[in-house]
Amino acid sequence: MGFFDWIWAMVIFFFWIMALMVYINCILDVFRRDDLGGGMKAVWILVMFILPLIGCLAYLVTRPKVTMTDVRSLAAAEAASKAVAGVSTADELTKLAQLRDVGAITVPEYDKLKTKLLA
């Protein structure tokens, strides 16, 4: 087996892995969606098992761009980022000072963390 045969085998292998990942993601997406009923989920799964390539392509073409599940996930991610953004530098400095006062961190550690926080 020559060098180019190995390269060609690797290309085929990676395309098979990519096709397998698309197939698995399509099946997981069918189960994850809340806007499909149980009967429609069963139909999509059967179509994907009987005709994997055509079933996955048909599912990807007919799937809406944004589903209600996607909207819920985006709203949860946005709420989490707002919650994280609500912590200010002053709050962090107060927490560091409290940790220093109780002895959880030493004064040099406090100074190091303070400069890191303010930088």
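Remark: Ile54 CD1 is loosely packed, at most 12 non-hydrogen atoms of other residues, nucleotides or ligands lying under 6.0 Å away.
Residue pairs meeting the side chain to side chain donor-acceptor pair (under 3.5 Å) criterion with at least one member in residues 4-31, sequence neighbours excluded: Asp29-Tyr59, Asp29-Arg63. Listed by first then second residue, pairs satisfying side chain to side chain donor-acceptor pair (under 3.5 Å) with a partner in residues 107-119 read Thr106-Glu109, not counting sequence neighbours. Contacts classified as side chain to side chain donor-acceptor pair (under 3.5 Å) and involving residues 35-44 (residues at least two apart or in different chains) are given here: Arg33-Asp35.
Following chains of ILVMFWY side-chain contacts shorter than 4.5 Å, one cannot reach Val22 starting from Ile12, and the two form parts of different hydrophobic clusters. Two different hydrophobic clusters hold Val61 and Val30 under the rule that ILVMFWY side chains link at heavy-atom gaps under 4.5 Å. By the rule that hydrophobic residues join a cluster once side-chain heavy atoms approach within less than 4.5 Å of another member, Met40 and Leu46 end up as members of separate clusters. Cluster annotation: Val47 and Ile27 are assigned to distinct hydrophobic clusters (Ile/Leu/Val/Met/Phe/Trp/Tyr, side-chain heavy-atom contacts under 4.5 Å, transitive). Leu36 and Ile24 fall into different hydrophobic clusters, where Ile, Leu, Val, Met, Phe, Trp and Tyr residues are linked whenever their side-chain heavy atoms come under 4.5 Å apart, directly or through other members.
Heavy-atom minimum distance, Asp34 versus Thr69: N-OG1, 3.3 Å. Of all heavy-atom pairs between Met48 and Gly55, the closest is CG-C, 4.0 Å.
Among residues two or more places apart in sequence or in another chain, the side-chain hydrogen bond (donor to acceptor under 3.5 Å, both in side chains) test is passed with Thr67 by Asp70. Residues meeting the side chain to side chain contact (heavy atoms under 4.5 Å, CB included) test with Asp101, sequence neighbours left out: none.
To the nearest 0.5 angstrom, Ser73 atom OG is 11.0 Å from Met68 atom CE. How far CG of Asp91 is from CG of Leu96: 11.0 Å, rounded to the nearest 0.5 Å. Between the CD1 atom of Ile50 and the CD1 atom of Ile45 there is a distance of 11.5 Å, given to the nearest 0.5 Å.
The hydrophobic cluster containing Leu57 also includes Leu53, under a criterion of side-chain heavy atoms closer than 4.5 Å among ILVMFWY residues, counted directly or through chains of members.
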